[in-house]
Protein chains: 2
Amino acid sequence: MVRFVHPARQDITLAGILAALADPARLMIVKSLIRQNECMNCTEAGPCNMAKSTLSNHFRVLREAGLIHTTKQGVEHRNAVREADINARFPGLLKSILKHADE
Amino acid sequence: MVRFVHPARQDITLAGILAALADPARLMIVKSLIRQNECMNCTEAGPCNMAKSTLSNHFRVLREAGLIHTTKQGVEHRNAVREADINARFPGLLKSILKHADE
DNA sequence: TCAATAGTTCAATATTTCCGAACTACTGAA
DNA sequence: TTCAGTAGTTCGGAAATATTGAACTATTGA
């Protein structure tokens with residue numbers, strides 16, 4: 001069974017995106033998700049040396065900023081970046097930020 | 001007499017820029033400085049309903065992130081966005097973020 | 001039913017941010 | 001020179017936020 005963990009967020013804001021990506025751990029998570037180009041569960045997408053409650057909180061922030069959406073498949077959560085939605089709202093922004101995220 | 005308040009920051013990082021611009025007050029300051037296309041002192045560039053110690057702190061963060069540079073002219077500080085330096089380090093980033101900052 | 005896995009929630013602690021008060025630095029006027 | 005006014009910084013405590021371990025829920029497979 002696949003279902004959404006949270007309803008899709010209505011408004012994606014610039015401040016929300018910047019605040020979400022300003023944290024190195026969250027930027028790393030989004031980078032991982034984009035690079036893999038597919039869904040990943042929370043543990044494999046996030047930094048390993050971090051309490052799982054902290055990791056869970058970072059994913060919540062990313063969800064609430066509208067950057068990712070999460071579906072629950074069995075025991076794990078599958079996360080994916082909402083690239084289409086973000087690009088529709090802020091054309092070029094995500095690409096422009098992530099372009100520099102590996103240096 | 002004109003002199004630099006702080007030495008130019010060596011490294012401008014993506015995380016630093018995002019963290020600096022993630023704060024609405026600081027984003028607003030950078031927006032003002034870019035729009036005016038000239039130097040402004042701290043009071044006129046920042047939000048008015050804010051303690052001056054808080055405002056001073058925001059300018060410090062912007063300086064330390066390498067986003068602005070500050071010169072002291074007489075009794076006031078003149079601030080300007082380091083557009084050339086930022087564009088050299090992260091081409092297109094600043095423009096891409098500020099493009100969406102007025103919506 | 002039970003153990004294992006993935007993630008959330010909660011309460012305590014650690015860290016960061018905000019603000020008022022006191023301070024420094026500069027200017028222009030008396 | 002003194003003195004008042006302006007612009008900004010620094011500092012200490014209060015308010016807000018982030019991090020964590022422990023306890024919890026939900027799902028799966030044995």
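This one's a predicted model, so the numbers in the text were calculated from it and none came from an experiment. Chain letters run A, B, ... following the sequence lines, proteins first and then strands; every chain starts at 1.
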Exercise. So, is A/His77 close to the D/dA26 phosphate, meaning a side-chain N or O under 4.0 Å from OP1 or OP2?
Worked result: no
Problem set entry | Partner residues of A/Asp85 under the side-chain hydrogen bond (donor to acceptor under 3.5 Å, both in side chains) criterion, sequence neighbours left out | A/Arg82
Exercise. In whole Å, what is the span from the CZ atom of B/Arg63 to the C1' atom of D/dG8?
Worked result: 9 Å
Seminar exercise, completed: Closest of C/dC26, D/dG8, C/dG7 to the B/Glu76 side chain is D/dG8
For this session: Could you check how far CZ of B/Phe59 sits from C1' of D/dT10, rounded to whole Å?
Result: 17 Å
Exercise. B/Arg78 side chain N/O closer than 4.0 Å to the phosphate oxygens (OP1, OP2) of D/dG8?
Worked result: no
Anything under 3.5 Å between a protein N or O and an N or O of nucleotides 16-22 of chain D, put it in a table, one pair a line.
{"from": "D/dT20", "atom 1": "OP2", "to": "A/Thr54", "atom 2": "OG1", "distance (Å)": "2.7"}
{"from": "D/dG21", "atom 1": "N7", "to": "A/Ser53", "atom 2": "OG", "distance (Å)": "3.2"}
{"from": "D/dG21", "atom 1": "O6", "to": "A/Ser53", "atom 2": "OG", "distance (Å)": "2.8"}

Exercise. Are any non-hydrogen side-chain atoms of B/Val61 and B/Leu67 less than 4.5 angstrom apart?
Worked result: no
Which atom pairs, donor and acceptor, lie under 3.5 Å between side-chain atoms of residues 21-29 of chain B and protein residues at least two apart or in another chain?
{"from": "B/Asp23", "atom 1": "OD1", "to": "B/Ala25", "atom 2": "N", "distance (Å)": "2.8"}
{"from": "B/Asp23", "atom 1": "OD1", "to": "B/Arg26", "atom 2": "N", "distance (Å)": "3.3"}
{"from": "B/Arg26", "atom 1": "NE", "to": "B/Ala20", "atom 2": "O", "distance (Å)": "2.8"}
{"from": "B/Arg26", "atom 1": "NH1", "to": "B/His58", "atom 2": "ND1", "distance (Å)": "3.0"}
{"from": "B/Arg26", "atom 1": "NH2", "to": "B/Ala19", "atom 2": "O", "distance (Å)": "3.3"}

Problem set entry | Closest nucleotide among D/dT9, D/dA26, C/dA6 to the A/Lys72 side chain | D/dA26
Seminar exercise, completed: Hits for side chain to side chain contact (heavy atoms under 4.5 Å, CB included) against B/Ala51, two or more places apart or cross-chain, chain-then-number order -> B/Ser53, B/Thr54
For this session: Kindly write out the residues that satisfy side chain to side chain contact (heavy atoms under 4.5 Å, CB included) with B/Ser56, not counting sequence neighbours, or none if the list is empty.
Result: none
Problem set entry | Test side-chain contact (heavy atoms from CB on, under 4.5 Å) applied to B/Leu62 and B/Asn79, step by step | CA-CA 10 Å; B/Leu62 288 171; B/Asn79 301 284; over 6 Å; no
